[in-house]
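In this chain, numbering begins with 1 at the start of the sequence shown.
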Amino acid sequence: MRSETPTGPVDGSADDSAPGDGLVKAGVVLFAIGAVATLVTVAPLFLGTDPFPTVAYLVSMLMGVGFALAAAGVLRSVAAQRRQARQGRQAA
């Protein structure tokens with residue numbers, strides 16, 4: 001049901017992304033991969049099986065990398081919004 005009035009171009013070519021959005025999305029993906037890898041590497045401790053190789057533990061480090069990347073994206077977005085607000089105040 002498309003009863004709302006479109007606010008942007010009808011052809012869908014509107015660029016809604018703000019600075020830092022790509023970093024946040026990539027960070028979320030890396031964080032999710034790292035979280036799953038962490039769960040997988042911890043499972044042998046509870047199941048009493050042999051631990052996974054070192055590579056599995058290194059993939060778990062993606063959780064921290066993803067968090068840092070997402071935080072950098074948020075900071076970039078905040079900086080762009082502050083810059084835009086300053087320009088708006090100077091123009092007025």
Side-chain angles (χ1 to χ4, degrees):
M1 186 159 94
R2 308 263 315 174
S3 62
E4 293 90 23
T5 305
T7 57
V10 178
D11 63 355
S13 63
D15 186 19
D16 295 353
S17 63
D21 281 357
L23 288 173
V24 171
K25 290 176 185 176
V28 167
V29 170
L30 287 176
F31 184 86
I33 292 170
V36 170
T38 300
L39 292 174
V40 168
T41 54
V42 171
L45 297 173
F46 296 113
L47 300 175
T49 60
D50 292 331
F52 286 103
T54 306
V55 175
Y57 293 96
L58 293 176
V59 174
S60 297
M61 296 295 177
L62 288 178
M63 198 162 127
V65 172
F67 183 80
L69 197 63
V74 168
L75 291 176
R76 185 174 179 190
S77 177
V78 167
Q81 289 176 5
R82 290 182 70 182
R83 202 175 312 116
Q84 186 179 14
R86 263 194 226 119
Q87 289 173 354
R89 272 188 273 143
Q90 290 175 354

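Rounded to the nearest 0.5 Å, atoms OG1 (Thr38) and CZ (Phe31) are 8.5 Å apart. Residue Arg89 holds its CZ atom at 11.0 Å from CD of Gln87, rounded to the nearest 0.5 Å.
Taking all atoms of both residues into account, the shortest heavy-atom contact from Pro44 to Pro51 is CB-CA, 4.2 Å.
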Distance-only donor-acceptor hits, side chain of residues 62-71, under 3.5 Å, sequence neighbours excluded:
none

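Between the side chain of Ser60 and the backbone N or O of Ala56 there is at least one donor-acceptor pair closer than 3.5 Å. Looking only at distances, no side-chain donor or acceptor of Ser77 sits under 3.5 Å from a matching main-chain atom of Gly73.
There is no path of hydrophobic side-chain contacts, each under 4.5 Å, that joins Val24 to Leu75. Placement of Phe52 and Ile33 in two distinct hydrophobic clusters is found when ILVMFWY residues are connected by side-chain heavy-atom separations under 4.5 Å, directly or transitively.
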